[in-house]
Amino acid sequence: MLEKTMRMNYLYDFYQALLTPKQRSYMSLYYLDDYSLGEIAEQYEVSRQAVYDNIKRTEAMLEEYEKKLSLFQKFQKRKQLMNELKDYVLQKYGNDQQLFHIIKELEELE
């Protein structure tokens, strides 16, 4: 469950601009703020089932966006390569502060 939550949080971060305001709100409350379905339903004066259905549809949409655009997958690959680069630089050029500064700047672009 924790892995799914982390994945949904990342997908939400990458694709939230493609969601409706209600979808963004439900997903934010459910995944980021840890509200229960009942709490969200009460806040919006809808049924718990309506909230559940909306969240499930939105999750499917986020997965479909990722399938087509691969922003999260590319982010993970860049992160892996950046870690490999840092390890290599540390081993081969351990005292080169300029290289570490450039790597840090690249990381901050994420």
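Reckoned from all heavy atoms, side chains included, excluding hydrogens, waters and symmetry mates. The chain is numbered in sequence order, starting from 1.
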Between D34 and E39 the two heavy atoms that sit nearest each other are O-OE1, 4.3 Å
Mind checking what makes side chain to side chain donor-acceptor pair (under 3.5 Å) contact with Q73, not counting sequence neighbours? none
With sequence neighbours left out, write down each residue that passes side-chain contact (heavy atoms from CB on, under 4.5 Å) with Q80, or none if nothing qualifies. K77, E84
Residues forming a side-chain contact (heavy atoms from CB on, under 4.5 Å) with L32, sequence neighbours excluded: N9, Y12, S28
Identify, with sequence neighbours excluded, every residue that meets side-chain contact (heavy atoms from CB on, under 4.5 Å) alongside Q76. F72
Does anything in residues 3-29 pair up under salt bridge (charged side-chain N to carboxylate O under 4.0 Å, His left out), and if so which pairs, sequence neighbours excluded? K4-E59, R7-E63
CG/N95: more than 12 non-hydrogen atoms of other groups inside 6.0 Å: no
By side-chain contact (heavy atoms from CB on, under 4.5 Å), which residues pair with L71, not counting sequence neighbours? F14, Y15, E66, L69
For R57, give me all partners under side chain to side chain donor-acceptor pair (under 3.5 Å), at least two apart in sequence or on another chain. none
For residues 78-110, which residue pairs qualify under ring-ring contact (aromatic ring centres under 6.0 Å, His included), counting only residues two or more places apart or in two chains? none
Check the surroundings of atom CE in M82: do more than 12 heavy atoms from other residues, nucleotides or ligands lie under 6.0 Å from it? yes
Hey, can you pull the donor-acceptor pairs under 3.5 Å for the side chains in residues 44-52, sequence neighbours left out?
unit_1 : atom_1 : unit_2 : atom_2 : d
Y44    : OH     : S25    : OG     : 2.2
S47    : OG     : A50    : N      : 3.0
Q49    : NE2    : D53    : OD1    : 2.8

Which pairs count as salt bridge (charged side-chain N to carboxylate O under 4.0 Å, His left out) when at least one residue sits in residues 85-105, sequence neighbours excluded? K86-E107
Restricting to side chain to side chain donor-acceptor pair (under 3.5 Å), what partner residues turn up for S70, sequence neighbours left out? none
